[in-house]
Amino acid sequence: MIIKKTLVAAIAGLAVSTTSGAALAQTQGVAPNEIVVGTIQDLSGPLAGASKHIRDGLQMRLDEANDQGGVAGRKVRLVVEDNGYDPRKAALAAQKLVNGDKVFAVLGHIGTITNLAALPVLQERGVINFMPASGARQLFEPADKLKAAWLVPYYDEMFMALKWLAKDKGAKKVGILYQDDEFGLENQRGAEAALKAMGMTFAESTTYKRGATDFSSQVAKLKAAGCDVVVLGTVVRESVGVLVEAQKIGFKPAFLAPLPAYHHLLPMLSKGAAEGLYAVASVDYPYVDAPGTAGDWAKRYKSRFSDDPSTFAALGYTVADLFIRAAEKAGSGLTADSLSRALESGPYADRTFGGPECRITPTNRLCNKTAGVAQVQNGKWVRVVSKLTD
Amino acid sequence: MQFVQIVIGGISQGFVYGLVALGFVLIYKATEAVNFAQGELMMLGAFCGLALATWAGLPYWAVLLGSVAILAAFGFATEFVLLRPVFGEPSFSAIMVTIGLGFLARGLVTMIPGFGTDSHSLDAPFKGQVIEAGGLVIGMEHVVIIGAGLLLSATLYGLFRFTRIGIAMQAVSQNQLAAWYVGIPVRRLNGLVWALSAAVAAVAGVLLAPIAFIHANMGFIGLKAFPAAVIGGFDSLPGAIAGGLILGVIEALAGFYLPEGFKDVAASVVVLVVLAVRPHGLFGQASRKRV
């Protein structure tokens with residue numbers, strides 16, 4: 001058994017050393033007239049709604065670049081693979097993209113567990129994991145030229161947002177209701193750290209299982225504790241469930257939800273119960289009737305896909321935009337190294353959604369560690385703070 | 001006062017479980033198979049309702065009737081196409097078919113672009129209304145669900161207890177082969193029961209939509225309704241409602257008074273206790289065929 005394991009390890013080691021040697025010799029996915037990039041999305045699982053928007057956002061920006069002649073004369077082709085929000089399928093999808101389609105980079109890969117499964121496959125072949133749709137720390141730390149990230153971890157966002165809100169509201173008692181999984185816990189830890197920094201602790205802490213539809217006992221608990229600020233570690237439907245229940249029993253604290261709740265469906269589904277809700281928000285919401293560049297973009301998106309864009313679509317577009325601009329800067333000698341250097345020569349401003357600028361350095365592979373906060377006002381998201389920092 | 005409010009919350013949620021559990025019991029009672037796609041039938045019923053409301057522009061009550069009719073036809077067809085080929089096989093085969101049907105339904109719905117992957121709400125005329133009395137509140141959506149649960153369980157109980165067709169269904173449940181020998185049209189009855197059960201699922205789906213929203217995974221509430229049916233005895237229609245009620249109230253009280261996490265294990269604990277004390281559930285028939 002031990003011999004067998006050693007043998008397998010030796011063969012694997014040999015395979016790694018030969019393949020990485022091959023990767024250094026030439027840049028895969030970059031031909032004289034074409035750049036092949038991949039994306040891994042959840043087309044068949046629980047994140048399919050978000051994934052569809054990310055894919056469309058990516059495609060929209062790449063098509064715009066191609067219509068203007070491509071990047072340094074090369075057209076960009078996007079290959080889409082499905083991970084079904086399953087780490088095993090994600091690793092297979094990454095292998096297919098890297099070995100079959102020979103992509104130059106993977107853009108906007110969705111999901112934390114899926115990214116962690118795919119990352120070693122990409123790294124082994126020198127393929128960049130470019131701005132994945134996950135806030136996991138491992139996707140930008142330890143620093144590496146094959147990593148670049150845009151999404152800030154939930155922990156840090158919640159830390160910054162709660163510190164601001166608790167101060168703004170003069171909070172005396174802060175409670176939390178969060179999803180009993182890694183996503184909910186990340187937010188809980190961030191909120192706990194923020195309270196600790198202010199010399200406070202949770203007045204009440206309660207959880208639910210993913211998919212729950214009844215929150216009456218949790219909300220009753222928070223009300224009984226007299227919370228004036230309540231942190232939610234919830235996604236869209238659960239947020240609405242909590243807000244409707246709170247409205248029903250006349251409980252009116254300031255609610256603060258994490259980034260995934262920042263979705264146009266939330267005010268739509270809650271019919272007024274979400275009025276006043278705060279959520280972490282890094283960009284302006286791309287409503288079709290919004291003023292400025294975000295609104296113009298949303299109109300173009302809607303006319304092309306006949307669907308209202310979400311922030312996921314904006315994320316896809318932003319990721320592709322940063323890729324195109326960095327690749328243009330890297331010019332004709334496009335390699336993983338030159339792309340990385342081009343990114344480091346930023347900063348790159350967000351020209352469309354009013355988000356933070358992207359500053360990547362050799363030691364910091366996360367675009368920007370800031371957070372914004374939006375609030376539901378008259379049934380729509382309005383950003384009330386755009387740039388919070390530690 | 002707070003205690004009473006929490007119990008009211010539990011009762012409301014209990015009827016939701018009970019309504020879904022009715023479908024489980026119906027199919028088990030008549031065909032001695034467990035339909036693990038019951039939650040998905042409910043989800044299909046809700047999506048049907050959504051389609052009727054958005055595309056045909058029907059008002060809420062017409063939507064309810066429409067999706068009940070469509071799902072009844074769908075249930076009948078499902079039995080004919082998927083279940084009839086395994087007729088006469090051990091009930092295990094039928095159970096596997098229903099598990100497959102559940103996967104299929106979820107997969108197909110998420111394939112509908114812009115419709116199947118999002119969460120939707122269905123506007124009911126009573127949505128957001130609450131009844132308040134002496135500091136206690138209950139949402140109108142829950143009042144409607146409670147009414148529907150009581151009405152459906154009573155009607156179906158009457159059907160099984162007093163009508164010729166219901167008694168025939170009971171006979172089929174006790175022994176399919178024997179029922180067939182004495183001339184009961186077992187196949188046709190099975191089709192009918194599936195239609196009935198899918199119709200009940202559609203009622204649950206459309207009534208639940210204003211509170212829990214319509215999405216591809218809404219059928220997972222079946223995982224809570226299943227223990228409710230077990231507590232009630234699995235072959236008793238009023239038992240399904242009672243099981244749901246017990247579960248809902250215990251969950252609500254555990255969620256408030258017990259330490260964090262007990263709310264989620266309460267269902268399993270109650271099922272274990274009930275099965276230990278009364279192996280046939282609270283309302284189950286004591287004499288049953290060994291499978």
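Chain A is the first sequence line, chain B the second, and so forth, proteins listed ahead of strands; every chain is numbered from 1. Computed over heavy atoms, backbone and side chain alike; hydrogens, waters and symmetry mates excluded.
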From Arg189(A) atom CZ to Tyr178(A) atom OH, the distance as rounded to the nearest 0.5 Å: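 Those atoms lie 9.0 Å apart.
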
Under 3.5 Å, is there a donor-acceptor pair linking the side chains of [X] and [Y]?
{"X": "Tyr285(A)", "Y": "His264(A)", "answer": "yes"}
{"X": "Glu245(A)", "Y": "Ser216(A)", "answer": "no"}
{"X": "Lys263(B)", "Y": "Gln218(A)", "answer": "yes"}
{"X": "Gln38(B)", "Y": "Asn35(B)", "answer": "yes"}

If the threshold is 4.0 Å, N to carboxylate O, is there a salt bridge linking [X] and [Y]?
{"X": "Lys209(A)", "Y": "Asp181(A)", "answer": "no"}
{"X": "Lys52(A)", "Y": "Asp307(A)", "answer": "yes"}
{"X": "Asp123(B)", "Y": "Lys271(A)", "answer": "yes"}

Assess the pair Trp61(B) and Phe126(B): is the distance between their ring centroids shorter than 6.0 Å?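 Ring-ring flag for Trp61(B)/Phe126(B): true, centres closer than 6.0 Å.
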
Answer with yes or no after comparing the ring centroid distance for Phe36(B) and Phe226(B) against a 6.0 Å cut-off, counting only values under it. yes

Under the side chain to side chain donor-acceptor pair (under 3.5 Å) test, which residues partner Glu40(B), sequence neighbours left out? Arg106(B)

Identify which part of Ser205(A) has an atom lying under 4.5 Å from any heavy atom of chain B, answering side chain, backbone, both or neither.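 The backbone, not the side chain.
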
Under a 4.5 Å heavy-atom cut-off, does chain B meet the side chain of Leu265(A), its backbone, both or neither? side chain

For chain B, find its close neighbours in residues 221-242 of chain A: heavy-atom separation under 4.5 Å, sorted by number, or none.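 Listed by number: Lys221(A), Ala224(A), Arg237(A), Val240(A).
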
Greatest number of heavy atom pairs closer than 4.5 Å to chain B - which of Ser51(A), Gly250(A), Gly49(A):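 Winner by heavy-atom pair count: Gly49(A).
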
Considering only heavy atoms and a distance below 4.5 Å, find which of Thr213(A), Asp180(A), Leu47(A), Thr206(A) pairs most often with chain B. Thr206(A)

Do any pairs count as a salt bridge (charged side-chain N to carboxylate O under 4.0 Å, His left out) and have a residue in residues 214-229 of chain B, sequence neighbours left out, and if so which ones?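 Every pair satisfying salt bridge (charged side-chain N to carboxylate O under 4.0 Å, His left out) with a residue in residues 214-229 of chain B: Lys224(B)-Glu251(B).
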
Which portion of Ile221(B) sits near chain A, non-hydrogen atoms under 4.5 angstrom: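 The side chain, not the backbone.
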
Can you list the residues of residues 198-216 of chain B that sit under 4.5 Å from chain A, counting heavy atoms only?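 Only Ala212(B), Phe213(B), His215(B) of residues 198-216 of chain B have a heavy atom under 4.5 Å from chain A.
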
